Amino acid sequence: MDISNYILYPPKDWLVGSSLPSNYSPGIIQSVLNELTPNNVRVFWESTKFEGHTDKTEPWYGTAYSVETISGSLVQQWMERAPDEHLHLPTPNVFIPTDLSLKTVTKKADFPLLLRKSPYSRLWYKPDTTFSTPRAYVKMDFNCPYAGDSPEAEVLTDIFTRLLMDYLNEYAYYAQVAGLYYGISCSENGFQVTVVGYNHKLRVLLETVVEKIAKFEVKPERFSVIKELVIKELQNYKFQQPYQQAMYNCSLILQDRTWPWSDELEVLPYLEADDLSRFYPLMLARVFVECYVAGNIEPNEAESIIQHVEDAFYEGAQPISKALFPCQHLTNRVTKLDRGVNYSYSTEGLNPSDENSSLVHYIQVHQDDYMLNVKLQLFALIAKQPAFHQLRSVEQLGYITVLMQRNDSGVRGVQFIIQSSVKDPRHIDLRVEAFLKMFESKLYEMSDDDFKSNVNALVDMKLEKHKNLREESGFYWREISDGTLKFDRRECEVTALKQLTKRELIDFFDENIKVGAPRRKSLSVQVCSSLHSSEFKANPSPPVEPNSVQIEDIFSFRRSQPLYGSFKGGFGHMKL
């Protein structure tokens, strides 16, 4: 409660203050509007040019001022020269909810259900059984095979989503004040639509967004504005911090069907509005919609939402879209590193004025598995603080020093992220391996009580309840997006964690993390700053040690490596 409420309001209104709405009174509103005429105008004009031309001084701060009457003739001149903008009061806000009642959940569902599937879409549904709020969450992923099959296509898809958001700006304020929020963004295989907020008028907003997509037209003047914005954003990539550049290069190595920003920047200046006009119908020619609906919505309402989308895109004499061919269902594939091999990729920083170098030391471990997951998570939890203490506090390698887990479409690992101006990335990489060797003894000597304490801490983290519908939906959507569909993941991993022994954790470390382990798969991505560039240029390709591979070209390497199988196999091929 604002303490000023004690002064401004009587005791009975201290809690509500100015937040309690007054009774709707059209007569009072109209009487106020009637007073808003040019004859009643008061103008406040502040300028340093008035110094020496005033005749009054206010008593508190000694500010000089004057008061003059605006003549009727001047007001008349303003009225004659005023532009005819057809000013009017705001139109009624169609997004304001009037029904805040909670739906009756006849059948409690702890996890999302596959409520409906067709050749065009799949609908996942999760009623609100936890938060008891009149809110809903809808996510639609439009999987479009042509949206990301080249740098040009990816850039045009990006501009398409930005233009949609631009066209929807007229609704943004009305939706926001009514507690509704929406977003349209690029995804790995197309674009996504997200709508969150009060469920009563959420369908109205969603249908507005769907209509804008289905009847999309390119406005050349807005295309030019968005294109320039995208160009500037891509040009600014070179000014990202070195650790961000290292993480980007790591993702480029690991994730199949990704294009470098430099290629996108190269093609972007030559793209025009007509290119997007031709690309839009091709992008939507074949589409599969993955939909997740959760919250205060009944099953029939959820089904009607996806049916509306299918009617908008797939129905009619000349439908906008058709179903995907079986061969077109897109998958998320990740580069599979070879066991017992240490890969490295080195490059110079893009910003010559940044004296920081950076390192991402990534250790790839396994594809999604409950027991292996908790072993990896427990290792990361136990090693996180010692890594920070040794590499940052003791050795002072850099302000940014992080040990964290990594999950690429279900492929799990850990990564050290370090940014430094005092040491070059090759030296930092050696210090990371030195830390892991030092950590061995700490892990081997860990007491049973310490082991149980860390296990219990991880269990508590996993059992922590979702704070709101958006957080819960984000958790389940990740399972749908990756194709893993393990909605009971937390419960199953807690069960696996309680069965884990210290000996099993040590064996896991010895097989997958320990330096020199025969199953260890590591990737060192190094970004060298101008401060360390002389050493980098003098020795761009250091002597190759046994079981080490220096990556010279990211895309040649990526093409030469096997890929993990994808959990996401498309309609008819998903594990249900």
Side-chain angles (χ1 to χ4, degrees), residues 112-125 138-154 156-158 160-161 184-194 210 213-214 251 254-259 279-293 302-303 305-315 319-336 367-368 407-411 476-487 558-559 561-576:
L113 305 171
L114 182 58
L115 190 61
R116 180 182 185 273
K117 61 180 179 180
S118 76
Y120 312 111
S121 68
R122 178 166 44 216
L123 171 63
W124 298 94
Y125 169 68
V138 176
K139 172 85 79 173
M140 293 185 181
D141 191 1
F142 289 76
N143 290 273
C144 312
Y146 300 111
D149 64 355
S150 69
E152 290 91 344
E154 191 156 294
L156 288 171
T157 303
D158 185 19
F160 164 74
T161 60
I184 305 172
S185 59
C186 286
S187 63
E188 292 182 356
N189 301 318
F191 63 95
Q192 293 181 352
V193 174
T194 307
V210 169
I213 298 172
S251 296
L254 294 175
Q255 296 173 1
D256 191 37
R257 286 179 55 86
T258 52
W259 311 105
F279 174 75
Y280 160 74
L282 177 64
M283 178 183 67
L284 289 182
R286 300 276 176 180
V287 177
F288 182 81
V289 183
E290 190 89 67
C291 182
Y292 174 78
V293 177
E303 291 191 58
I305 287 175
I306 196 63
Q307 185 62 57
H308 175 78
V309 175
E310 289 192 5
D311 292 343
F313 287 91
Y314 301 100
E315 296 297 323
I320 299 171
S321 306
K322 295 181 180 179
L324 296 187
F325 292 116
C327 64
Q328 287 183 301
H329 282 278
L330 298 169
T331 56
N332 303 327
R333 306 295 297 274
V334 177
T335 300
K336 191 173 187 178
Q367 197 169 24
D368 193 40
N407 180 5
D408 296 280
S409 301
V411 177
Y476 291 132
W477 177 254
R478 178 66 186 267
E479 296 292 332
I480 297 170
S481 179
D482 287 347
T484 46
L485 304 181
K486 295 177 179 177
F487 300 124
R558 204 167 71 179
R559 286 190 291 268
Q561 287 296 116
L563 301 174
Y564 278 99
S566 175
F567 287 107
K568 192 171 184 177
F571 173 72
H573 302 283
M574 296 283 287
K575 296 183 294 183
L576 300 178

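Sequence positions, counted from 1, serve as the residue numbers for this chain. What you see is a predicted model, and the numbers here were worked out from it, not measured in a lab.
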Compare every heavy atom of [Y] with every heavy atom of [X], then report the nearest pair and how far apart it is.
{"X": "D141", "Y": "S187", "value": "OD1-OG, 3.3 Å"}
{"X": "E310", "Y": "S121", "value": "OE2-OG, 2.6 Å"}
{"X": "I305", "Y": "V138", "value": "CD1-CG2, 4.4 Å"}
{"X": "Y314", "Y": "V287", "value": "OH-O, 2.7 Å"}
{"X": "K117", "Y": "L114", "value": "CD-CD2, 4.2 Å"}
{"X": "I320", "Y": "A312", "value": "CD1-O, 3.6 Å"}

- Between Y564 and K336, is there a cation-pi geometry (under 6.0 Å to ring centre, at most 45° from the normal)?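 Yes; both conditions hold, so K336 lies above the ring face of Y564.
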- Message: Does the Lys NZ or Arg CZ of R286 fall within the cation-pi geometry relative to F325 - under 6.0 Å from the ring centre and within 45° of the axis?
- Response: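 That pair qualifies as a cation-pi contact.
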Can you confirm whether [X] sits close enough to [Y] that some side-chain heavy atom of one is under 4.5 Å from a side-chain heavy atom of the other?
{"X": "L563", "Y": "T335", "result": "yes"}
{"X": "Q367", "Y": "F567", "result": "yes"}
{"X": "L284", "Y": "S321", "result": "yes"}
{"X": "T258", "Y": "R558", "result": "yes"}
{"X": "E303", "Y": "L115", "result": "yes"}

- Message: Between K486 and E479, does any side-chain N to carboxylate O distance fall below 4.0 Å?
- Response: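 A salt bridge is absent here (no side-chain N lies under 4.0 Å from a carboxylate O).
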Quick one: [atom1] on [X] to [atom2] on [Y], what's the gap to the nearest 0.5 Å?
{"X": "C291", "Y": "L123", "atom1": "SG", "atom2": "CG", "answer": "5.0 Å"}
{"X": "L324", "Y": "C144", "atom1": "CG", "atom2": "SG", "answer": "8.0 Å"}
{"X": "S409", "Y": "L254", "atom1": "OG", "atom2": "CG", "answer": "10.5 Å"}
{"X": "D149", "Y": "L282", "atom1": "CG", "atom2": "CG", "answer": "8.0 Å"}

For the side chain of [X] and the backbone of [Y], is there at least one donor-acceptor N/O pair under 3.5 Å apart?
{"X": "S481", "Y": "W477", "result": "no"}
{"X": "W124", "Y": "Y476", "result": "no"}
{"X": "S566", "Y": "N332", "result": "yes"}

- Item | Validation row, ring centre F191 to ring centre F160 under 6.0 Å |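 Close enough - the centres of the two rings lie under 6.0 Å apart.
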- Message: Taking the six-membered ring for Trp, are F279 and Y146 closer than 6.0 Å centroid to centroid?
- Response: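 No, too far apart.
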- Query: When you look at Q192 and I184, which way does the side chain to side chain contact (heavy atoms under 4.5 Å, CB included) test go after all the steps?
  - Reply: CA-CA 6 Å; Q192 293 181 352; I184 305 172; over 6 Å; no
- Message: Under the criterion side chain to side chain contact (heavy atoms under 4.5 Å, CB included), I'd like the reasoning laid out for F313 against V210: C-alpha separation, chi angles, the key distance, then a yes or no.
- Response: CA-CA 9 Å; F313 287 91; V210 169; 3.8 Å; yes
- Message: Side chains of E290 and N143: any donor to acceptor distance under 3.5 Å?
- Response: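 There is no such pair between these side chains.
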- Distance-only polar pair, side chains of R333 and Q255, donor-acceptor under 3.5 Å: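 The answer is no; no qualifying pair exists.
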- Query: Who passes side-chain hydrogen bond (donor to acceptor under 3.5 Å, both in side chains) against E188, sequence neighbours left out?
  - Reply: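 In terms of side-chain hydrogen bond (donor to acceptor under 3.5 Å, both in side chains), with neighbours along the sequence ignored, E188 is linked to no residue.
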- Message: Could you work out, with side-chain contact (heavy atoms from CB on, under 4.5 Å) as the rule, every residue matching R478, not counting sequence neighbours?
- Response: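 Only N407, D482 meet the side-chain contact (heavy atoms from CB on, under 4.5 Å) criterion with R478.
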- So F288 and F142, ring pair (Phe, Tyr, Trp, His ring centres under 6.0 Å) or not? Walk me through it. CA-CA 6 Å; F288 182 81; F142 289 76; over 10 Å; no
- Message: Does T331 form a side chain to side chain donor-acceptor pair (under 3.5 Å) with K568? I'd like the steps, not just the answer.
- Response: CA-CA 5 Å; T331 56; K568 192 171 184 177; over 6 Å; no
